[in-house]
Amino acid sequence: MEQTLSIIKPDAVERNLGDEIKDIFIKNHLKIKDSKKIHISKEEASEFYKVHQSKPFYDALCSYLSSGPIIVMILEGENAIKENRRLMGATNPKEAEEGTIRKLYGISIDKNSVHGSDSLENAKKEINFFFKN
Ligand code: UDP
Ligand code: MG
């Protein structure tokens with residue numbers, strides 16, 4: 001079974017949307033294998049989002065991800081990476097399809113409620129980043 005990393009971002013945790021978002025995964029056959037609520041530092045956020053270091057939004061993105069508690073989860077299921085991305089919807093909530101998490105809950109392109117790994121390689125890296133033991 002494939003695994004992917006999901007993050008419920010500060011804007012959604014702050015609005016107590018954790019359980020509602022988890023329900024969407026469960027109803028769509030993605031098992032939550034592990035979950036924890038944490039508050040990361042800006043340094044950790046900068047490491048996590050390193051792939052975006054050349055982007056103009058990088059600094060704001062790292063400040064934002066470290067601005068409050070987040071819920072990090074390992075999701076498992078058939079095609080979990082693609083399926084999670086489908087359930088999340090487009091990066092910009094305004095462009096996200098009806099019924100997707102970002103359409104339902106996203107506030108803006110930066111406060112878009114969830115993160116999901118985009119490839120098998122990144123899923124492995126990102127799971128290891130938060131759940132290495
Ligand atoms: N982001 C942003 N402004 C942009 C593009 C992206 O603030 O113009 C943020 C947004 O929170 C997004 C994250 O950077 O979720 C990572 O961007 P990516 O293109 O990887 O989007 P995602 O994979 O999250 O859909
Ligand atoms: Mg991405």
Side-chain angles (χ1 to χ4, degrees):
M1 275 294 171
E2 194 169 272
Q3 293 191 335
T4 190
L5 183 90
S6 168
I7 304 178
I8 303 177
K9 293 182 177 181
D11 68 273
V13 174
E14 188 178 83
R15 286 176 288 151
N16 285 311
L17 294 168
D19 287 343
E20 274 177 61
I21 292 174
K22 284 181 176 183
D23 273 350
I24 294 176
F25 296 136
I26 294 161
K27 282 186 185 135
N28 286 279
H29 315 290
L30 289 177
K31 270 193 194 158
I32 298 166
K33 296 295 282 185
D34 209 341
S35 171
K36 60 184 179 186
K37 192 176 182 178
I38 55 175
H39 190 162
I40 61 172
S41 65
K42 187 165 178 188
E43 288 65 37
E44 289 171 295
S46 305
E47 181 61 30
F48 179 75
Y49 270 134
K50 214 170 180 173
V51 289
H52 292 304
Q53 62 186 334
S54 63
K55 309 269 173 66
F57 56 84
Y58 179 62
D59 188 65
L61 175 62
C62 299
S63 294
Y64 170 61
L65 196 71
S66 57
S67 68
I70 59 175
I71 298 168
V72 293
M73 292 165 287
I74 299 173
L75 303 181
E76 187 179 277
E78 221 169 284
N79 296 315
I81 297 163
K82 233 180 148 183
E83 183 60 0
N84 179 38
R85 296 288 310 189
R86 184 182 73 79
L87 296 171
M88 287 164 60
T91 306
N92 186 347
K94 288 191 190 122
E95 290 162 13
E97 275 189 48
E98 285 305 324
T100 61
I101 295 167
R102 283 167 164 171
K103 179 71 174 188
L104 286 166
Y105 307 118
I107 295 168
S108 57
I109 191 162
D110 47 324
K111 295 183 174 176
N112 59 6
S113 301
V114 280
H115 166 85
S117 310
D118 62 3
S119 67
L120 192 58
E121 190 193 348
N122 286 334
K124 283 179 182 157
K125 272 192 208 160
E126 292 179 359
I127 288 170
N128 198 44
F129 185 87
F130 286 112
F131 293 97
K132 52 178 165 273
N133 39 43

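Start at 1 and go down the list; that is how both ligands and their atoms are numbered.
- Around atom NZ of Lys22, more than 12 heavy atoms belonging to other residues, nucleotides or ligands sit under 6.0 Å away.
- Take Glu14 and apply the side-chain contact (heavy atoms from CB on, under 4.5 Å) test, not counting sequence neighbours, and it matches no residue.
- Hydrophobic cluster of Val114: the remaining members, joined at side-chain heavy-atom separations below 4.5 Å, are Ile8, Val13, Leu17, Ile21, Ile24, Phe25, Ile26, Leu30, Ile32, Ile71, Met73, Leu75, Leu87, Met88, Ile101, Leu104, Tyr105, listed by chain and number.
- Sorted by chain and number, the heavy-atom contacts of ligand 1 below 4.0 Å come from Lys9, His52, Phe57, Leu61, Arg85, Thr91, Arg102, Ile109, Asp110, Asn112.
- The backbone N or O of Gly106 lies less than 3.5 Å from no partner atom in the side chain of Asn112, so there is not a single donor-acceptor pair.
- Ile70 places a side-chain heavy atom less than 4.5 Å from the side chain of Val72.
- Residues that satisfy the side-chain contact (heavy atoms from CB on, under 4.5 Å) test with Lys33, not counting sequence neighbours, are Gln3, Lys31, Ile74, Glu76.
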